[in-house]
Visitor: 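Here it is, the structure, as structure tokens.
The first residue of the sequence shown is numbered 1, and numbering continues consecutively from there.
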Amino acid sequence: MTSINELAKQTTVSSQIPVIDIYPFITGDTNTREAVANQISDAIQEVGCFYLKNGVSQTLIDQAFAQAESFFTLPLEEKQQVASEVTGRSRGYIPFEKMFIGNQPGQLHESFSFGKELDPNKAGIDSYAEALDVPNQWPQNPPEFRELMEQFFTASQESALNVLEALAIALQLPTSYFTNLHSQQNHAGVFNYYPYISQAPKTGQTRFFEHTDLGSITLLFQDQGGGLEVYTPKGEWITTTSVPETVLVMPADMMSRWTNDQFCAAPHRVSVPDDFQSIKQRYSFSFFVIPDYDVEVNCLETCLKAEASPKYPPTFVGDHLLKRTNDRATKYGRS
Ligand SMILES: O=C(O)CCC(=O)C(=O)O
Ligand SMILES: [Fe+2]
């Protein structure tokens, strides 16, 4: 077992973003778990995000990214066979420049989204699910795509639940406070592919617009292409990189609302540099951790300082998602 002193030594800093090892949290005693929980809480409050180490194995990350590359390099017509519907949550393929806000030019990426398999027996019994849930669309090629994506989803979910436990401990709540509110597995996995850019982008065109994510937290995996920037609570944009054996973790909208911005959703973006021809193609995978649709999110008492008032009105998770998915022209919002 790792002692707290050893733990402090293991935590390294990659530029300004701390690397926090989740292994001692999984295997350690109460004090060790509390120490890791506090490291996570400090990182979120100071930098807005952190790299989680030993969450998902690098082998699985590499295998899933290899499958994504095989998919995105298929001919467009083949990818279009699993094109995402425009209603409900995205499931399937969205082509290059087809994700846009209002009348702004389309963003310089393609994506593929998936979630849990829907239970046909539950159709019609939950009005949020009825409005939001869309069946997965799996491509025939590459043949192992679906299996690898499902494994990646399960491993990401396991890590996310550990982080949610740590956040509850840091806020002096029962350990399972947040995990109990994530029983429906409403999470979404989205691969993004950013090809080389050979032509100058249009005015206002980005690789991924500035936004916060919709759920409770997001796990963001990226390859060596780099390019994701996060806005810190101190008010500066910082660049993130791909740190082996880690995944970047950021709070999302529901965590802002529960904690009155103590764990504030991190705005993030992927911009186009002035020397756009120098950028490398890149792949990323966002794992959006989404609470149960019928959870009403209120400011937690432990997060309300004396004489402070809640910054956000109570909201149902399903309503927050519906608002954003029905209006894809909004500035923020991925689920
Ligand atoms: O590609 C990235 O690094 C960011 C993607 C993102 O923010 C999202 O999918 O919501
Ligand atoms: Fe995002």
Visitor: Does the side chain of D133 come under 3.5 Å of the side chain of Y293 through a donor N or O and an acceptor N or O?
Guide: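 There is such a pair (donor and acceptor under 3.5 Å, judged by atom type) between the side chains of D133 and Y293.
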
Visitor: Between the side chains of D62 and Q58, does any donor sit under 3.5 Å from an acceptor?
Guide: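 There is such a pair between these side chains.
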
Visitor: Once you round to the nearest 0.5 Å, how far does CG of L300 lie from CZ of R257?
Guide: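 That separation rounds to 13.0 Å.
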
Visitor: Looking only at the side chains, is there a donor atom on one of Q45 and S41 sitting less than 3.5 Å from an acceptor on the other?
Guide: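 Looking only at side-chain atoms, S41 and Q45 do form a donor-acceptor pair, the distance falling under 3.5 Å.
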
Visitor: Would you tell me whether D223 and S242 have side-chain atoms, one donor and one acceptor, within less than 3.5 Å of each other?
Guide: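 The criterion, which ignores hydrogens and geometry beyond distance, is not satisfied for S242 and D223.
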
Visitor: What I'd like to find out is whether the side chain of W237 reaches to under 4.5 Å of the side chain of R269, using heavy atoms alone.
Guide: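 Counting from C-beta outward, W237 and R269 do come under 4.5 Å.
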
Visitor: Mind checking the CD-OG1 spacing from E296 to T315? Nearest 0.5 Å is all I need.
Guide: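 Nearest 0.5 Å value for the CD-OG1 distance: 8.0 Å.
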
Visitor: Cut-off 3.5 Å, side chains only: do Q281 and Y193 have a donor facing an acceptor?
Guide: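 Yes - a donor-acceptor pair under 3.5 Å links their side chains.
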
Visitor: Side chains of P139 and E78, heavy atoms from C-beta outward: is any pair under 4.5 Å?
Guide: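 When only atoms from C-beta onward are counted, E78 and P139 do not touch, as no gap falls below 4.5 Å.
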
Visitor: Centre of F25's six-membered ring, under 6.0 Å away, within 45 degrees of the axis: is that where NZ or CZ of R33 sits?
Guide: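 Yes, a cation-pi geometry.
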
Visitor: Taking atom CD of E97 as the centre, does the number of heavy atoms from other residues, nucleotides or ligands within less than 6.0 Å exceed 12?
Guide: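 Enclosed: over 12 neighbouring heavy atoms sit under 6.0 Å from CD of E97.
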
Visitor: State, to 0.1 Å, how close H187 and H182 come at their nearest heavy-atom pair, and which atoms those are.
Guide: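 Nearest heavy atoms, H187 then H182: CE1-CD2, 4.0 Å.
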
Visitor: Between R146 and E117, does at least one N-O distance fall below 4.0 Å, as a salt bridge requires?
Guide: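 Salt bridge between R146 and E117, a charged N being under 4.0 Å from a carboxylate O: yes.
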
Visitor: Would you check if F152 and F191 make a side-chain contact, meaning some heavy-atom pair closer than 4.5 Å?
Guide: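 A side-chain contact under 4.5 Å exists here.
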
Visitor: Would one find more than 12 heavy atoms of other residues, nucleotides or ligands at under 6.0 Å from atom CD of E144?
Guide: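 No, because the 6.0 Å sphere around CD of E144 holds 12 heavy atoms or fewer from other groups.
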
Visitor: Passes side chain to side chain donor-acceptor pair (under 3.5 Å), S159 versus N162? Steps please.
Guide: CA-CA 5 Å; S159 280; N162 285 322; 5.2 Å; no

Visitor: Can you list the steps and then say if W258 with S216 is a side-chain contact (heavy atoms from CB on, under 4.5 Å)?
Guide: CA-CA 9 Å; W258 269 315; S216 51; 3.9 Å; yes

Visitor: Measure the shortest side-chain to side-chain distance between L219 and V249 over non-hydrogen atoms and say whether it is less than 4.5 angstrom.
Guide: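 Heavy-atom side-chain distance check passes, below 4.5 Å.
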
Visitor: How far apart are the C-alpha atoms of F178 and L173, what are their side-chain angles, what is the distance that settles it, and do they pass the side-chain contact (heavy atoms from CB on, under 4.5 Å) test?
Guide: CA-CA 9 Å; F178 292 124; L173 296 164; 4.0 Å; yes

Visitor: Testing the 3.5 Å rule here: is there a donor-acceptor pair between the side chains of E147 and Q67?
Guide: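 No - no donor-acceptor pair under 3.5 Å links their side chains.
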
Visitor: Is any side-chain heavy atom of V317 closer than 4.5 Å to one of H320?
Guide: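 Counting from C-beta outward, H320 and V317 never come under 4.5 Å.
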
Visitor: So, do Q157 and V289 sit near enough that their side-chain heavy atoms are less than 4.5 Å apart?
Guide: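 In short, these two side chains do not touch, never coming nearer than 4.5 Å.
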
Visitor: Report yes if the side chains of R91 and S113 come closer than 4.5 Å at any heavy-atom pair, otherwise no.
Guide: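 A side-chain contact exists here, since the closest heavy-atom pair is under 4.5 Å.
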
Visitor: Strictly by modelled atom types, are E165 and T179 linked by a side-chain donor-acceptor pair under 3.5 Å?
Guide: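 No, T179 and E165 have no side-chain donor paired with an acceptor closer than 3.5 Å.
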
Visitor: Hey, are the side chains of P310 and N298 touching, using non-hydrogen atoms and a 4.5 Å cut-off?
Guide: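 P310 vs N298: side chains apart.
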
Visitor: How many angstroms lie between atom CG of L248 and atom CG of L228, to the nearest 0.5 angstrom?
Guide: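 Those atoms lie 6.5 Å apart.
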
